[in-house]
Amino acid sequence: MWSLKVAAVMAAISCGMATVLASTYKPTRPPAVPLAVRTPYLNSWLQCEPECLLPDNWPRHWTTQILGWQGLVAVDGKVFNWMGKASQNPVVNQLSLEYTSTKSIFVFDVDGKVNLTVTFLSPVFADDLSRQSQQFSYISAKAKSSDGGTHDVRLYMDVSGEWASGDLSQKITWAHDDTNKLSYHMFQRTEQVEYGENGEIAAWGRWYFTTASDTGLSWQIGSDQVVRGQFASNQTLANTVDGTFRAVQDNWPVFGFSHDLGDVGSSDVERLFTLGLIQDNVIHFAGLNKTLDAVPGLWKSYFNGDDGKAIDAFYDDYQYAATHSNELDDRIQQDSVKAGGQDYATITTLSVRQSFGALQFGGTPSKPYIFLKEISSNSDIQTVDVIFPAYPILLYLNATLAKYLLDPLFENQESGAYPNKWAEHDLGTFPVAKGYPSGNDEPMPLEECGNMVIMTLAYAERTGDTGYLQKHYPSLSQWAEFLIDDSLIPSNQLSTDDFAGTLANQTNLAIKGIIGLKAMGKIANLTGNQDNWGAIADEYLEHWKVLAINNDTDLPHTTLSYGDKNSHGLLYNIYADKLLDLNFVDQSIFDMQSKFYQSIALKYAVPLDTRHTWTKSDWLMFAAAVAGPDTKALLINKLATWVGNTTTNRAMTDLYDAETGGYPQNGPTFVARPVVGGTFALLALPS
């Protein structure tokens with residue numbers, strides 16, 4: 001789907017005026033545009049309703065709360081709005097939007113005189129913990145003449161206190177200051193509630209909005225109308241601080257910067273801003289010692305806990321970050337096209353920032369942790385069956401990161417605090433990872449045992465870290481014992497698709513457990529232990545083929561549950577066999593399912609199963625990764641088509657109606673979830 005999709009044409013403003021074309025999109029029009037997306041708390045988006053127009057629209061948190069973020073530009077004394085909805089000034093004409101894995105790039109025409117290019121860069125440093133530890137994002141604005149003339153250009157941007165609190169009645173404080181290189185605004189909640197949230201927005205930490213201290217800079221802190229009005233009237237700010245600390249919604253304090261770019265001609269004139277959050281402690285975690293302890297932000301170790309050093313270092317790193325991001329963008333684009341064509345690149349490149357935007361990096365360089373937030377579904381922390389679908393992007397970019405996600409799960413359970421014999425579902429509600437000493441987590445015993453065994457082996461295979469397998473062998477073998485008991489004939493229970501309810505004898509769940517047993521046999525061999533699992537897996541697979549496959553049809557296929565010949569479903573769990581290079585499941589089963597999927601595909605996907613017309617993008621790509629060439633292309637094309645045409649308008653959902661393309665009717669609304677990392681399923685397979 002490599003195209004410059006031209007959006008609907010805007011109506012002529014008045015009779016006799018030229019029609020203005022709306023924005024074009026490359027590679028397609030997404031459901032929402034990632035702006036500053038690096039962690040669960042730095043997670044802002046432009047919703048596309050249906051067009052992705054930044055002028056006259058507010059950026060929003062993934063919950064849809066407005067995050068006040070206003071952009072203005074003055075050209076030859078006339079002021080225009082290029083971002084946000086507060087301004088009464090005319091809006092610029094958005095010419096284009098392009099997204100890559102790390103960037104969202106907007107190009108605006110300002111009064112037919114100047115082109116303004118604004119790039120929102122949220123870098124991903126999968127191989128650099130120091131850089132990835134910072135909860136900051138870049139905003140680059142470049143202006144150049146578009147009519148051959150020279151123009152006086154002034155650039156304005158502000159952010160509001162809405163970033164600091166999901167409860168708008170909360171009082172905030174602020175300050176303006178300078179480092180050796182930067183001018184910055186700092187603002188925060190007056191009442192800091194460590195590990196607290198309001199409306200999924202952190203109730204603790206310090207927000208920093210920064211830019212370079214150049215000679216054309218002016219700044220101001222005050223009410224929205226005063227500060228924005230000052231720029232609109234004077235094209236400069238007053239360099240003053242409103243000293244009345246107050247609630248976010250009380251005369252809406254905003255934190256503004258203005259740059260005088262001077263006379264702008266045919267060369268780009270660039271100014272850079274950074275925006276982000278600093279938190280001393282990021283997670284409350286019950287690990288091996290069973291007590292809840294503070295996990296410091298990983299940034300503290302690298303910057304000596306000094307806010308000034310951290311914000312200076314991030315700003316100074318822009319050229320490296322931009323170069324690294326271009327290289328990563330190119331790598332993902334090229335690898336995706338090679339694996340599945342431009343349609344596949346359309347999908348993967350939109351998934352990167354969303355996947356990493358659910359991860360919080362904590363601990364120390366010698367003991368780093370990654371904690372995952374199950375965004376939008378229930379905000380659990382370290383949900384095993386959310387890590388599992390997100391896993392492919394980590395295996396593709398840097399498998400070592402997988403260990404940092406698994407460690408908290410192993411530590412909590414190996415402390416003895418969790419009483420059940422199966423693997424824990426999650427560790428609590430983000431950002432408090434206290435575990436379940438009463439064993440009352442959401443019950444998905446077969447699902448999570450299979451997931452933990454498969455993920456641990458996948459990590460060890462990619463890194464060569466068999467010592468990790470040996471270290472956790474008692475836990476892995478305990479979970480494998482449960483798989484012996486429950487995987488062939490699964491009891492009435494939930495799978496990861498818990499929105500569909502419980503079901504006994506789930507065909508797809510059973511094969512996950514059986515593959516998990518085969519994987520455990522490989523773990524035993526890699527660690528010099530006796531393989532008590534492989535032969536059982538072989539036996540179970542033969543029984544499963546009898547129970548799971550409906551051969552009484554022109555197109556044989558597996559059923560949703562044993563014996564229900566009127567049912568079917570995506571058999572996405574056989575992906576693990578290829579991921580682990582087990583060569584265990586018969587190739588004929590992969591071929592059978594691949595052929596069958598073509599017969600049941602709806603407009604935007606193959607449905608997850610016969611209970612609904614709903615589908616999931618992560619599992620769709622798991623299925624595509626192990627399908628034949630024609631079916632792989634079909635599934636990828638349908639998902640890419642959905643991305644560009646869906647009526648959903650928030651950070652990309654992974655659950656949608658395969659026929660309408662909308663959110664599931666009478667079902668949950670999932671947004672911004674890290675499971676879209678599963679779209680990297682093709683790229684995560686061993687070469």
Will you find, in the side chains of Q333 and T100, an N or O donor that is under 3.5 Å from an N or O acceptor? no
What's the spacing between L275 CG and I311 CD1 if we round to 0.5 Å? 11.5 Å
Pair [X] + [Y]: basic N to acidic O under 4.0 Å:
{"X": "R206", "Y": "D280", "result": "yes"}
{"X": "D76", "Y": "K78", "result": "no"}
{"X": "D158", "Y": "R228", "result": "yes"}

Measure across K144 and V264 and return the closest heavy-atom pair with its distance rounded to 0.1 Å. CA-CG1, 3.5 Å
Grab the two heavy atoms, one from V33 and one from C48, that are nearest each other, plus how far apart they are. CG2-SG, 3.9 Å
Passing option when Q135 is tested against W299, Y41, F314 for side chain to side chain contact (heavy atoms under 4.5 Å, CB included): Y41
Return the orientation label for the [X] and [Y] ring planes: parallel under 30°, perpendicular over 60°, tilted otherwise.
{"X": "W82", "Y": "F108", "result": "tilted"}
{"X": "F120", "Y": "W69", "result": "perpendicular"}
{"X": "H185", "Y": "F209", "result": "tilted"}

Looking at Y99, I'd like to know if the NZ or CZ of R353 sits under 6.0 Å from its six-membered ring centre while staying within 45 degrees of the ring's axis. no
